[in-house]
Amino acid sequence: MIPRIRIVEAGAHVGQEVRIAGWLYNLRKSGKIAFPQLRDGSGIIQGVAVKAEVPEELFESLRSLTQESSIILQGKIRAEERAAGGYEMDVTGLEIIQRVSEEDPYPITPKEHGPDFLLNHRHLWLRSRRQHAIARVRHEVIRATRDFFDSNGFILMDTPIFTPAACEGTSTLFEVDYFEDQKVYLSQSGQLYNEANAMAQGKVYCFGPTFRAEKSKTRRHLTEFWMVEPEMAYATLDEVKVLAEDMLCFIVDRVLNNRQAELKVLERDVSKLERIRKPFARMHYDEAVTLLQGKGSEIVWGGDFGGTDETLLTEDQPGPLIVDNFPTEIKAFYFQPVDGRPECALGMDVLAPEGYGEIIGGGQRIHDLDLLLKRLDEHNLPREAFDWYTDLRKYGSVPHAGFGMGIERCVTWMCGLEHLRETIAYPRMIYRTRP
RNA sequence: UCCUCGGUAGCUCAACGGUAGAGCAUUCGGCUGUUAACCGAAGGGUUGUAGGUUCGAAUCCUACCCGGGGAGCCA
């Protein structure tokens, strides 16, 4: 029996007759020679069939194949300098599993397409070389993130998606009309539950989908995205900054070590990732505002950064920038105030370089019961809805801190992409829910 | 929600008041090393929808629909 291999293993089978099951990626042919390119998910390999050297029937079947037809190619693997992957297959056999009809050909041709068309065909677009590479970088980022926390004493404790109240009281939530007793929303953060979990386990993280009902229509937003959120008991803002630094360096390292081929497909300038080193630059909000005003930004103290502000702040930085001590006013209710400066909060954002903007937001939480109750009132949040949360300040309250990282934003930065939407298999946006 | 740009062949675009076109894709023919292969030919259109102006509208006007980018908001 001829062994079946995956394309990625071709190098180990030079000189052998093998079978590879996949899809026809492209076909170039002349009268007497044909070059079918086969894709199997692990790679792409080019087959060669010379008319004079193979049975007439085989040559004709190969010649008339259509793009993305599912086939099993049989042949002998040969090292070939001219081939992109370094190996080629001299085809000796072909089994057609399903032939794509020429009356209804594969819609995504090797030429260029617009975003609307591609997103409508997302289920097929995922097969293309670029999307295949992005999906693998995403996988690497997620694996690295989980490995990092798992090997640093964190316990994964996932938090609920259906939540009875706003986590932050700020962004717009998706309402779910099902539960009898009260209004329920889709989670916009696992943080409040993370705090409870951290008091049980010491160090925890959650990783799951997050929903924001803002009518955002930008290259940095999705209505459904994935977020990883660590939370540590007995921790301060400074410790959480170091954690974010270590985590990002670990992720960058893993991507550089394991996904060079994918980064090459994406034409990513890897030197920009190679120079990411800790410690990252740090800047107080006050400083950031002064710097921005010097660069011509309209920002005034007390306001939040816009997208262009984030780019201005990081343009002179080789790596990420950590901005902290934001005005309390623009932050969620649970941020611990800065000692002796109550108008500022112990929050931080990590801004990625190259204009990719905020990828991490976090900080130290209020651990004093009275202050927390006061903040709930100031934000017009009902105390009853947060009774379990305030319990955490009654029964062994400790300083604690954590952050959230948007996976898609991180992957966008790693891959050097223009649009966040390419980093998730099926992006959900305000005017796009299909496929 | 607001601002802005766009919608013409399956796809990417041109034509900007006077006969609706090109490249790719598809079909047919040619080519023994192609790399988004190349060369020749053919088929393929209610110009997003509805109204209006005009002798004449893809082109100008109005409304609506659909999408891109951005603002606000955020990861």
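The structure displayed is predicted, hence computed values, not measured ones. Values below: all heavy atoms of this structure, side chains included; hydrogens, waters and symmetry mates excluded. Protein chains get the first letters and strands the later ones, always in sequence-line order, with residue 1 at the start of each.
Taking the P atom of each, G18(B) and G69(B) are spaced 33 Å apart, rounded to whole Å. One P atom belongs to C38(B), the other to G45(B), and the distance between them is 26 Å to the nearest Å. Taking atom P on both nucleotides, U53(B) is separated from U59(B) by 15 Å, rounded to a whole Å. Comparing the C1' positions of G17(B) and C61(B) gives a spacing of 14 Å, expressed to the nearest Å. Atom name C1', nucleotides A14(B) and A20(B): the rounded distance is 10 Å, in whole Å. Annotation: C66(B) and G29(B) have their P atoms spaced 46 Å apart (nearest Å). When the C1' atom is compared between C31(B) and G67(B), the two are found 43 Å apart, to the nearest whole Å. When the P atom is used for both A9(B) and U47(B), the distance is 10 Å, rounded to whole Å.
Evaluation of atom-type donor-acceptor distances gives a pair under 3.5 Å for the side chain of Gln46(A) against the base of U34(B). The base of C74(B) lies outside donor-acceptor range of the side chain of Ser216(A), with no N or O pair under 3.5 Å.
Exactly one of Tyr193(A), Phe148(A), Phe403(A), Phe149(A) qualifies for a ring pair (Phe, Tyr, Trp, His ring centres under 6.0 Å) with Tyr205(A). That residue is Phe149(A).
U34(B): no Watson-Crick or G-U partner with both key distances under 3.5 Å is found in any strand. Both distances falling under 3.5 Å, in either a Watson-Crick or a G-U wobble arrangement, occur for no nucleotide opposite C73(B). Judged by Watson-Crick or G-U wobble contacts below 3.5 Å, the nucleotide G67(B) has C5(B) as its partner. A20(B): no Watson-Crick or G-U partner with both key distances under 3.5 Å is found in any strand. U26(B) is paired with A42(B) under the criterion used here, namely a Watson-Crick or G-U wobble arrangement in which both key atom distances are under 3.5 Å. Across all strands shown, U47(B) forms no Watson-Crick or G-U wobble pair with both distances under 3.5 Å.
Using a 4.0 Å heavy-atom distance criterion, Leu222(A) is classed as a base contact. Among the heavy atoms of the strands lying under 4.0 Å from Gly114(A) are primed sugar atoms or P, OP1, OP2 only; no base atom is included. Nucleic acid contact class of Gln67(A) (heavy atoms, under 4.0 Å, all strands): none. Within the nucleic acid shown, Glu229(A) has no heavy atom closer than 4.0 Å to any nucleic acid atom. Counting any heavy atom pair closer than 4.0 Å across all strands shown, Lys217(A) reaches a base atom. At the heavy-atom level, Asp304(A) lies under 4.0 Å from the strands shown only through sugar-phosphate atoms. Residue Arg421(A) is classed as a sugar-phosphate contact, given heavy-atom separations below 4.0 Å to backbone atoms only. Using a 4.0 Å heavy-atom cutoff across all strands shown, Phe35(A) reaches at least one base atom of the nucleic acid. Residue contacts shown for His121(A) are absent, as no nucleic acid heavy atom lies under 4.0 Å away.
Comparing atom distances between the Glu80(A) side chain and each of G33(B), G72(B), C24(B) picks out G33(B) as nearest. For Glu102(A), the listed nucleotide lying nearest its side chain is U26(B); candidates were U1(B), G68(B), U26(B). Residue Arg220(A) places its side chain closer to A71(B) than to any other of A71(B), U12(B), U32(B). Closest to the side chain of Asp116(A), from the set U35(B), U1(B), G67(B), is G67(B). Checking C31(B), G69(B), A75(B) against the side-chain heavy atoms of Arg219(A) singles out G69(B) as nearest. Checked against U32(B), C73(B), C24(B), the side chain of His221(A) finds its nearest nucleotide in C73(B). Here the side chain of Ser30(A) is nearest to one of G72(B), C24(B), C31(B), namely C31(B). The Val50(A) side chain lies nearest to U32(B) when the options are G67(B), U32(B), A25(B). Closest to the side chain of Phe117(A), from the set A75(B), G68(B), G10(B), is G10(B). Residue His113(A) places its side chain closer to C11(B) than to any other of G33(B), U32(B), C11(B).
In this structure, the OH atom of Tyr431(A) is 21 Å from the P atom of G48(B), given to the nearest Å. Across the protein-nucleic acid pair, Glu88(A) atom CD and U32(B) atom C1' stand 13 Å apart, rounded to whole Å. Rounded to whole Å, the distance from CD on Glu310(A) to C1' on G70(B) is 14 Å. In this structure, CH2 of Trp125(A) is placed 12 Å from P of U12(B), rounded to the nearest angstrom. One can place CD1 of Ile430(A) at 10 Å from C1' of U1(B), the figure rounded to the nearest angstrom. Rounding to whole angstrom units, CG of residue Leu24(A) and P of U26(B) are separated by 11 Å. Atom CD1 in Ile33(A) sits about 9 Å away from atom P in U32(B), given to the nearest Å. Atom CG in Asp104(A) sits roughly 14 Å away from atom C1' in C11(B) (whole-Å rounding).
When the shell of 6.0 Å around NZ of Lys295(A) is examined, it contains more than 12 heavy atoms from other residues, nucleotides or ligands.
Look at Phe225(A) and the base of A75(B); the rings stack, centres closer than 5.5 Å and planes less than 30° apart.
Arg78(A) and Glu80(A) are joined by a salt bridge, as a carboxylate oxygen and a charged side-chain nitrogen come within less than 4.0 angstrom of each other. A salt bridge is absent between Arg282(A) and Asp324(A); no separation between the charged side-chain nitrogens and carboxylate oxygens falls under 4.0 Å. Ion pair Arg409(A)/Glu310(A) not flagged as a salt bridge, since none of the NZ, NE, NH1 or NH2 atoms sits closer than 4.0 Å to an Asp/Glu carboxylate oxygen. Of the charged side-chain nitrogens involved, none lies within less than 4.0 Å of a carboxylate oxygen, so that Arg138(A) and Glu262(A) do not count as a salt-bridged pair. With salt bridges taken as basic N to acidic carboxylate O contacts below 4.0 Å, none links Asp269(A) and Arg275(A).
In terms of position on RNA chain B, the residue among Asp349(A) and Arg432(A) whose nearest nucleotide sits closer to the 5' end is Arg432(A). Comparing Lys29(A) and Ser64(A) by the nucleotide of RNA chain B whose heavy atom lies nearest to each, the residue mapping closer to the 5' end is Ser64(A).
Aromatic pair Phe305(A)/Tyr285(A): ring centres closer than 6.0 Å.
Atoms CZ and CZ, from Phe326(A) and Phe335(A) in turn, are 9.0 Å apart once rounded to the nearest 0.5 Å.
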